[in-house]
Amino acid sequence: MLTAEQIIAYQASSELLKDRIILITGAGDGIGKAAALACAEFGANVILAGRTVAKLEAVYDQIIAANGPEPVIYPVDLEGATPEDYDELAVNLDKQFGRLDGLLLNAGILGQRTPLSNYRQDVWDKVIQVNITAQFQMTQALMPILEKSKDASIIFTSSGVGRVGRAFWGAYAVSKFAIEGMMQTWASELDGLGAIRINAINPGGTRTTMRAQAFPAENPNELKTAEDIMPTYLYLLGPDSTGVNGQSINAQNR
Ligand code: NDP
């Protein structure tokens, strides 16, 4: 495995992800959008999953305009989708591609920034549903087609507040701790068994809508962009990280 510094500075070769089938949630905006464009640039067939079709269509158009492999748009709302919907997704992907080589579980929501003692039950339920339950259900349903890949990589999305609890981060922090725990548990179960590895990325403060929502007074120009943090995503999705399993990796060094 590369060192933390080497991963952040990773330089992908031009055909790193050629012919890989990679599904990205939240592919219409922020980090997920940057990941979709980067994966296509390095040769992957990307499945653009998300809830706002117009945003997914814009990413689709950008990939085609850059002569990337034709992506697939798959509308899914992690708040309302059921295990049956994810089973249907698996069947559709199996029919179209016969396997899945990468699964980037990126979509997430912030919820309220408020003390836990004031936290609203309905917001709690929504954050836990989107940020952890849906991630579990989708991953479980897609496991059989990930098993058909000769080198499959699953990436969960963590956060600094998923490692050290901090005031006012509420259900978001709790869900990200749960992500770290689910990643470790699943990675331990998969260890040494087959060709699937599972890791988490902590993007670090990144210039997106969610970050602006969490830190409205911050100057966004002082933050890394989603494009800046792509080396870590590319490293974990490509063959250079084969064998790396159960790690929680920072995409920035600050
Ligand atoms: P954005 O809010 O910019 O993007 C989030 C994406 O998730 C959007 O595409 C959004 O879709 C999608 N999404 C939200 N809810 C749902 C849902 N119910 N069903 C399907 N898709 C949904 O956030 P970021 O890009 O900043 O965050 C991406 C990930 O990185 C998140 O997991 C976040 O927790 C994590 N993260 C981000 C950091 C940062 O500084 N930006 C720091 C640490 C972690 P739509 O556009 O349609 O709303």
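Remember, it's a predicted structure, so these values are computed and weren't measured experimentally. Note that the numbering runs from 1 along the sequence shown for the chain. Just so you know, ligand 1 is whichever comes first in the structure, and atom 1 is the first atom listed for that ligand.
With respect to atom 35 (C) of ligand 1, the closest heavy atom belonging to the protein is Thr157 CG2, 3.5 Å. In terms of protein heavy-atom proximity, atom 34 (O) of ligand 1 is closest to Tyr172 OH, 2.6 Å. Counting protein heavy atoms only, atom 25 (O) of ligand 1 is closest to Ile31 N, 2.8 Å. Distance from atom 47 (O) of ligand 1 to its nearest protein heavy atom, with residue and atom name: Thr52 OG1, 2.4 Å. In terms of protein heavy atoms, atom 24 (P) of ligand 1 is closest to Thr208 OG1, 3.6 Å. Closest to atom 21 (N) of ligand 1 among all protein heavy atoms lies Ala107 CB, 3.7 Å. For atom 2 (O) of ligand 1, the nearest protein heavy atom (residue, atom name, distance) is Met210 CB, 3.5 Å. Closest to atom 48 (O) of ligand 1 among all protein heavy atoms lies Arg51 NH2, 2.8 Å.
Lys148 has a carboxylate O that lies under 4.0 Å from a charged side-chain N of Asp94, or vice versa, which qualifies the two as a salt bridge. Salt-bridge annotation for Asp228 and Arg207: absent, with no side-chain N of the basic residue lying under 4.0 Å from a carboxylate O of the acidic one. Salt bridge absent: Lys150 and Asp101 never bring a charged side-chain N and a carboxylate O closer than 4.0 Å.
Polar contact check, Asn106 against ligand 1: a nitrogen or oxygen pair lies under 3.5 Å apart. Polar contact with ligand 1: present for Thr206 (N/O pair, distance under 3.5 Å). Between Asn202 and ligand 1, a contact under 3.5 Å exists for no N or O pair.
Contact annotation for Lys176 and ligand 1: only side-chain heavy atoms (C-beta onward) come within less than 4.0 Å of the ligand. Under 4.0 Å from ligand 1, not a single heavy atom of Ala226 appears.
One hydrophobic cluster holds both Val174 and Val123 under the rule that ILVMFWY side chains link at heavy-atom gaps under 4.5 Å.
Using a 4.0 Å cutoff on heavy atoms, Gly204 counts as a contact of ligand 1. Within the 4.0 Å heavy-atom shell around ligand 1 one finds Ser158.
The heavy atom nearest to atom 19 (N) of ligand 1, considering only Leu78, Ile109, Leu110, is found in Leu78.
Closest approach of Asn199 and Gly246 over heavy atoms only: OD1-N, 3.1 Å. In terms of heavy-atom proximity, Leu16 sits nearest to Ala12 at CD2-CB, 3.9 Å. The two residues Tyr119 and Gln112 have their closest heavy-atom pair at OH-N, 3.2 Å. Closest heavy-atom contact between Thr157 and Leu105: OG1-O, 2.7 Å. When all heavy atoms of Phe156 and Trp186 are compared, the pair lying nearest together is CZ-CE3, 4.2 Å. Counting all heavy atoms, side chain and backbone alike, Leu236 lies closest to Arg197 at O-NH1, 2.9 Å.
For ligand 1, the atoms sitting less than 4.0 Å from at least one non-hydrogen atom of Gly205 are 40 (O), numbered in the order shown with element in parentheses. Of all atoms in ligand 1, listed by their number and element, those nearer than 4.0 Å to a heavy atom of Lys55 are 45 (P), 46 (O). Residue contact check: Gly26 has heavy atoms under 4.0 Å from atoms 6 (C), 7 (O), 9 (O), 12 (C) of ligand 1. Near Val76, the atoms of ligand 1 lying under 4.0 angstrom from a non-hydrogen atom of the residue are 19 (N), 20 (C).
Judged by distance alone, the side chain of Ser149 and the main-chain N or O of Arg99 form no donor-acceptor pair under 3.5 Å. Not one N or O on the side chain of Gln129 forms a donor-acceptor pair closer than 3.5 Å with the backbone of Lys126.
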